[in-house]
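I have placed the structure first, in the form of structure tokens, so that the comments after it can refer back to it.
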Amino acid sequence: MQDLERATGVGRETIRFYIREGLLPEPDRPSRNVAWYDESFVERIALIKELQQKRFLPLQIIKSIVVGNEAEPPRDEVKTLLEIDGKLFPAVGGSAMPSERLSAVARRTGLRASEIRQLAETELIEIVTRDGDQWLDEIAIRLVEVWAKVRQAGFVDELGFVPGNTRLYVDFVRWLAREELRLFTHGVTGRVDTETSARMAEAGINLLNQLIGLVRKATILRYISTGNIAEPTAPSPAPRRSASGDDER
């Protein structure tokens with residue numbers, strides 16, 4: 001532990017906290033009073049510190065980045081993501097939508113404040129507390145407005161369409177976004193410059209949104225035409241490319 005503290009500049013209590021929270025794995029313990037921390041601990045702690053200092057991310061988000069469902073991403077690929085942060089979708093003419101109090105959004109959309117809070121429980125939106133009041137930022141406001149339109153279209157609680165259903169989309173989009181970012185960073189890291197990466201990422205987001213929408217529409221129509229509404233299976237992870245270029249499954 002002393003060696004790990006010296007190598008990382010992080011105190012033992014913080015390191016133990018990272019282990020308890022799952023940001024670091026349990027060390028090998030060949031005997032009761034001995035624990036081995038190999039070089040991977042040094043690299044993982046350096047990555048956590050980098051994400052905290054450059055992105056000011058909460059530890060739960062950092063955990064999803066450094067742990068996920070697979071091995072942590074290479075540091076150079078994480079660096080690619082950090083370099084394009086803030087460079088996507090530059091504002092053109094005018095400023096971003098200002099924050100709005102949750103109570104004001106509820107009145108304007110006709111939704112109950114409690115229902116908006118339920119959307120936050122599924123992690124579809126984030127509610128920010130400032131000056132003792134609850135606020136929604138731009139993306140959250142837009143999501144609540146869309147949900148209000150869903151309600152207006154007839155998707156109501158009495159028919160089984162409850163805010164908790166949005167968890168399906170949150171979980172799926174998180175999985176999809178992580179897979180897309182893995183493919184993207186693996187492809188561009190060390191091959192294109194930062195400006196090109198940002199341009200490609202922005203174009204890819206727009207174009208693939210169209211692709212996903214069309215695939216979803218075609219799939220729904222096909223299922224309707226065949227009466228196929230069997231229980232769906234979870235999506236399989238996309239194949240990863242090995243060093244030889246072959247797909248790994």
Side-chain angles (χ1 to χ4, degrees), residues 21-22 57-65 67-70 88-89 96-130 132-183 204-239:
E21 293 299 310
L57 295 175
L59 286 179
Q60 193 61 33
I61 300 300
I62 292 175
K63 180 179 177 180
S64 72
I65 293 174
V67 181
N69 294 323
E70 298 181 8
L88 302 182
F89 307 108
M97 178 187 294
S99 299
E100 193 173 353
R101 284 183 172 85
L102 185 153
S103 56
V105 176
R107 286 194 299 271
R108 181 165 56 77
T109 60
L111 296 174
R112 303 184 309 276
S114 60
E115 184 170 4
I116 295 176
R117 294 188 184 98
Q118 285 178 301
L119 295 176
E121 290 173 3
T122 70
E123 301 183 47
L124 180 73
I125 65 171
E126 181 179 2
I127 298 173
V128 180
T129 301
R130 289 197 295 265
D133 208 347
Q134 293 183 315
W135 294 76
L136 301 181
D137 291 333
E138 179 179 8
I139 296 297
I141 293 171
R142 294 187 185 277
L143 286 167
V144 170
E145 290 173 345
V146 171
W147 180 252
K149 292 178 181 178
V150 169
R151 290 304 206 192
Q152 293 164 12
F155 294 86
V156 295
D157 285 346
E158 291 76 14
L159 299 179
F161 301 105
V162 297
N165 292 349
T166 60
R167 186 74 212 191
L168 167 69
Y169 300 97
V170 172
D171 289 342
F172 174 74
V173 170
R174 284 181 176 177
W175 171 85
L176 179 62
R178 288 179 64 84
E179 291 300 312
E180 288 177 322
L181 288 174
R182 286 193 183 101
L183 289 171
I205 290 170
N206 287 324
L207 293 171
L208 290 173
N209 279 343
Q210 298 176 43
L211 181 71
I212 291 167
L214 290 170
V215 170
R216 180 172 177 268
K217 181 177 181 179
T219 302
I220 288 175
L221 291 175
R222 183 169 66 250
Y223 285 165
I224 290 173
S225 67
T226 60
N228 183 359
I229 52 173
E231 187 72 19
T233 57
S236 300

So among Ile139, Ile141, Val146, which one has a side-chain contact (heavy atoms from CB on, under 4.5 Å) with Leu143? Ile139
Taking all atoms of both residues into account, what is the closest heavy-atom pair of Ala106 and Ala113, and its distance? CB-N, 4.0 Å
Has Arg112 got a side-chain atom pairing as donor or acceptor with Ile116's backbone, closer than 3.5 angstrom? no
If only atom types and distance count, is the side chain of Asp133 paired as donor or acceptor with the main-chain N or O of Leu102 below 3.5 Å? no
State, with a plain yes or no, whether a side-chain heavy atom of Leu119 is found less than 4.5 Å away from one of Trp147. yes
Got a second to check how far Arg174's CZ is from Tyr169's OH, nearest 0.5 Å? 16.0 Å
Can Glu179 and Arg182 be counted as an ion pair, charged N to O under 4.0 angstrom? yes
Working to the nearest 0.5 Å, report the span between OG1 of Thr122 and CG of Asp171. 9.0 Å
With Val105 as reference, evaluate Ile125, Leu111, Val144 under the side-chain contact (heavy atoms from CB on, under 4.5 Å) test and give the passing residue. Val144
Between atom OG1 of Thr219 and atom CG of Leu214, what is the distance when rounded to the nearest 0.5 Å? 10.5 Å
Any side-chain heavy atom of Asp157 sitting closer than 4.5 Å to one from Arg151? yes
For residues Arg167 and Glu121, report the shortest heavy-atom separation together with the two atoms involved. NH1-O, 4.4 Å
Counting only heavy atoms not in Arg216 (residues, nucleotides, ligands), do more than 12 fall under 6.0 Å from its CZ? no
Taking the basic N atoms (NZ, or NE/NH1/NH2) and the acidic carboxylate oxygens, is any pair closer than 4.0 Å for Arg108 and Glu145? yes
Considering non-hydrogen atoms only, spot the tightest contact between Thr109 and Gln152 and give its length. O-NE2, 4.2 Å
Could you tell me the separation between the CZ atom of Arg101 and the CG atom of Leu136, rounded to the nearest 0.5 Å? 11.5 Å
Note: Gly160 and Asn165 closest approach over all heavy atoms is O-ND2, 3.1 Å
May I ask you to test the Arg117-Ile127 pair for a side-chain heavy-atom distance under 4.5 Å? yes
